S.K.: 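Take this structure, written in structure tokens, and hold onto it; I'll ask about it next.
Below, all heavy atoms of this structure are taken into account, side chains as well, without hydrogens, waters or symmetry copies. Remember, it's a predicted structure, so these values are computed and weren't measured experimentally. Residues: numbered from 1 along the sequence shown.
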Amino acid sequence: MDCQEEQLVNTICDLYEKISKLESLKPSEDVNILFSQLVSTCIPPNPNIDVTKMCDTVQETRQKLIKICGEAEGHLEHHFSSILTSFEDNPLHHLNIFPYYNNYIKLGKLEYDLLTQNLNGLVPRNVAFIGSGPLPLTSIVLASSHLKETVFHNFDIDSSANSLASLLVSSDPDISQRMFFHTVDIMNVTESLKSFDVVFLAALVGMNKEDKVRVIEHLQKHMAPGAVLMLRSAHGPRAFLYPIVEPCDLQGFEVLSIYHPTDDVINSVVISKKLLVVSNGSVVGGPSCLLMPCNCSKIHAIMNKKKKMMIEELEASREEQFS
């Protein structure tokens, strides 16, 4: 670990010590200041930092920090969802009061673009979002701005979160007709998973490697062949805030694209497709574990750009041929 890397890790560990001593993780001046400092420390892109190779003490701190971040994020979303539902008019008209709303706008556009590229322009009819929480901003952003005819099914284990989320969208005449909420552990959902064209897995569903892989294995078992699984991961120092999903965690899926943002969008995005298992037990497509997470995002971006250009050139030539 070089001097700069060591200084960064020490700063993050010091912030963890301060955060862990807070009486509550609910929104307050102290909580807001410390988490703002933590995010600003972790967000500058530094691809040379590999948190998975750090010592056991740092790894232990990282796991505790991810758990604390998840709890604090839940309190923050619950707090602002409660405020939003108190508006007499449509609460969705006031989403900008949430401090990270612009990040969700950017992340939604990024995920929609990746989805469009890899579905060759096809529009999903039914989307599932697992771990939607009390403020299901991803579903709302996608439904209102990008996938305007798609039906969204949101799954969360917390009934109070679903009650708030349902109330949040109830005043919107369009979104309320296309958005449903299910209070259930996703590990108990089986056959109905086959009905979704796209499944989103929230970053904090499975806060450690074992739990995350267990959920992915369950989805692989029950999703329809060819359905898309979109996951959120983390890269560089941002992995102190969210769990990492690596291609080798996606057994039974073909990794289509990995994107590591370099702006204020924290989460990396991994898009994959469930492979088709044929009668002899083999799968159609290549093994996802041949891809490495740190190097393939730019390669996938180039491949997708070339693929898009080829499609556009082919369409142009066809138009000329039949004009």
S.K.: Check this for me: does any side-chain nitrogen of one of D14 and K18 sit under 4.0 Å from a carboxylate oxygen of the other?
M.R.: no
S.K.: Could you go step by step and tell me if L193 and I186 meet the side-chain contact (heavy atoms from CB on, under 4.5 Å) rule?
M.R.: CA-CA 9 Å; L193 284 171; I186 198 62; 4.2 Å; yes
S.K.: Is there a donor-acceptor contact under 3.5 Å linking the side chains of E73 and Y242?
M.R.: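 The answer is yes; a qualifying pair exists.
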S.K.: Between T57 and C13, is a side-chain contact (heavy atoms from CB on, under 4.5 Å) present by the stated rule, with each step listed?
M.R.: CA-CA 10 Å; T57 302; C13 290; over 6 Å; no
S.K.: Are side-chain heavy atoms of D264 and V39 found at a separation under 4.5 Å?
M.R.: no
S.K.: Does anything in residues 24-35 pair up under side-chain hydrogen bond (donor to acceptor under 3.5 Å, both in side chains), and if so which pairs, sequence neighbours excluded?
M.R.: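 For residues 24-35: none.
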S.K.: May I ask you to decide if D211's main-chain N or O and N208's side chain share a donor-acceptor pair within less than 3.5 Å?
M.R.: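 Yes.
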S.K.: Measuring from T61:OG1 to E17:CD, what's the distance to the nearest 0.5 Å?
M.R.: 7.0 Å
S.K.: Mind checking whether I83 and L167 sit in one hydrophobic cluster, side chains of I, L, V, M, F, W, Y counted as touching below 4.5 Å?
M.R.: no
S.K.: Taking all heavy atoms of A202 and all of G131, pick out the closest pair and write down the distance.
M.R.: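 Shortest heavy-atom contact: CB-O, 3.5 Å.
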S.K.: If you group Ile, Leu, Val, Met, Phe, Trp and Tyr by side-chain heavy-atom gaps below 4.5 Å, do L164 and I157 land in one group?
M.R.: no
S.K.: Do S40 side-chain atoms and Q37 backbone N/O form a donor-acceptor pair below 3.5 Å?
M.R.: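 Such a contact is found between S40 side chain and Q37 backbone.
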S.K.: Look up atom CE in M230 and atom OH in Y112, then write down how far apart they are to the nearest 0.5 Å.
M.R.: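 If we round to the nearest 0.5 Å, M230:CE and Y112:OH are 12.0 Å apart.
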S.K.: Can you tell me how far apart CG (D172) and CG (L92) are? Round to the nearest 0.5 Å.
M.R.: 5.0 Å
S.K.: Identify the two heavy atoms, one from M54 and one from V9, that lie closest to each other, and give their separation to 0.1 Å.
M.R.: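 Closest approach of M54 to V9: CE-CG2, 3.7 Å.
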S.K.: Distance from E111 atom CD to T138 atom OG1, nearest 0.5 Å?
M.R.: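 The CD atom of E111 sits 6.0 Å away from the OG1 atom of T138.
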S.K.: For a quick test of reading the model, state the closest non-hydrogen atom pair linking L168 to S81 and the distance between them.
M.R.: CD2-OG, 4.4 Å
S.K.: With heavy-atom distances below 4.5 Å as the criterion, would you say the side chains of L137 and E77 are in contact?
M.R.: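 When only atoms from C-beta onward are counted, E77 and L137 do not touch, as no gap falls below 4.5 Å.
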S.K.: If we only count heavy atoms from C-beta on, is the V228 to N118 side-chain gap below 4.5 Å?
M.R.: no
S.K.: If you apply the rule salt bridge (charged side-chain N to carboxylate O under 4.0 Å, His left out), what do you find for R214 with E210, and how did you get there?
M.R.: CA-CA 6 Å; R214 191 167 62 92; E210 293 76 18; over 6 Å; no
S.K.: Given side chains that start at C-beta, do those of S268 and P261 come closer than 4.5 Å, heavy atoms only?
M.R.: yes
S.K.: For R238 and I43, which heavy atoms make the closest approach, and how far apart are they?
M.R.: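 Minimum heavy-atom contact is NH2-O, 2.7 Å.
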S.K.: Using a 6.0 Å cut-off, check whether atom NZ of K273 has over 12 heavy atoms from anything other than its own residue.
M.R.: no
S.K.: Sequence neighbours excluded and cut-off under 3.5 Å, please list the side-chain donor-acceptor pairs for residues 140-152, or say none.
M.R.:
unit_1, atom_1, unit_2, atom_2, d
S144, OG, I140, O, 2.7
S144, OG, V141, O, 3.4
T150, OG1, P124, O, 2.7

S.K.: Less than 4.5 Å apart, any side-chain heavy atom of V169 and any of F181?
M.R.: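 Heavy-atom side-chain distance check passes, below 4.5 Å.
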S.K.: Is there side-chain contact between S171 and F87, with at least one heavy-atom pair below 4.5 Å?
M.R.: no
S.K.: In the structure I gave you, are the side-chain heavy atoms of L201 and V245 within less than 4.5 Å of one another anywhere?
M.R.: no
S.K.: Quick check against the 3.5 Å criterion: does K212 have a side-chain atom that pairs as donor or acceptor with the backbone of A203?
M.R.: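 A pair under 3.5 Å: yes.
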S.K.: Taking the side chain as C-beta and beyond, is there a heavy-atom pair between I68 and F35 under 4.5 Å?
M.R.: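 In contact.
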S.K.: If two hydrophobic side chains count as joined below 4.5 Å and joins carry through other members, does I33 share a cluster with V31?
M.R.: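 Cluster IDs for I33 and V31 differ.
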S.K.: What closest approach, in Å, do L110 and V269 show between heavy atoms, and which atom pair accounts for it?
M.R.: CD2-CG2, 3.9 Å
S.K.: Ring-plane angle category for H218 and H222, please: parallel below 30°, perpendicular beyond 60°, tilted otherwise.
M.R.: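 Ring orientation, 0 to 90° scale: tilted.
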S.K.: How long is the span from the NZ atom in K274 to the CD atom in E254, to the nearest 0.5 Å?
M.R.: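 These two atoms lie 14.0 Å from each other.
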S.K.: How many angstroms lie between NE2 in H79 and CG in L84, if you round to the nearest 0.5 Å?
M.R.: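 Answer rounded to 0.5 Å: 10.0 Å.
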S.K.: For R232 and L107, run side-chain contact (heavy atoms from CB on, under 4.5 Å): C-alpha distance rounded to whole Å, both residues' side-chain angles, the deciding distance at 0.1 Å, then the answer.
M.R.: CA-CA 10 Å; R232 286 163 185 179; L107 181 58; 3.5 Å; yes
S.K.: Taking side-chain contact (heavy atoms from CB on, under 4.5 Å) as the test, write out the residues that go with D56, two or more places apart.
M.R.: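 Not a single residue meets the side-chain contact (heavy atoms from CB on, under 4.5 Å) criterion with D56.
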S.K.: Give me the ring orientation class for F155 and F196: parallel if the planes are under 30° apart, tilted from 30 to 60°, perpendicular past 60°.
M.R.: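 Taking F196 first and then F155, their aromatic rings stand perpendicular (interplane angle over 60°).
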S.K.: Between the side chains of K64 and E60, is the shortest nitrogen-to-carboxylate-oxygen separation below 4.0 Å, so that they form an ion pair?
M.R.: yes
S.K.: How far apart are the C-alpha atoms of F240 and Y16, what are their side-chain angles, what is the distance that settles it, and do they pass the side-chain contact (heavy atoms from CB on, under 4.5 Å) test?
M.R.: CA-CA 10 Å; F240 280 97; Y16 161 72; over 6 Å; no
S.K.: Under a single-linkage definition using a 4.5 Å side-chain heavy-atom cutoff for Ile, Leu, Val, Met, Phe, Trp and Tyr, are V213 and L275 assigned to the same hydrophobic cluster?
M.R.: no
S.K.: Output yes when a side-chain donor or acceptor of N154 lies under 3.5 Å from a complementary backbone atom of F129, and no otherwise.
M.R.: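 Absent.
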S.K.: Between F200 and F180, is there a shared hydrophobic cluster once you connect ILVMFWY residues whose side-chain heavy atoms come closer than 4.5 Å?
M.R.: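 No, F200 does not connect to F180 through the hydrophobic network.
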S.K.: Looking only at heavy atoms, what is the nearest atom pair of G133 and A165, with distance?
M.R.: O-CB, 3.7 Å
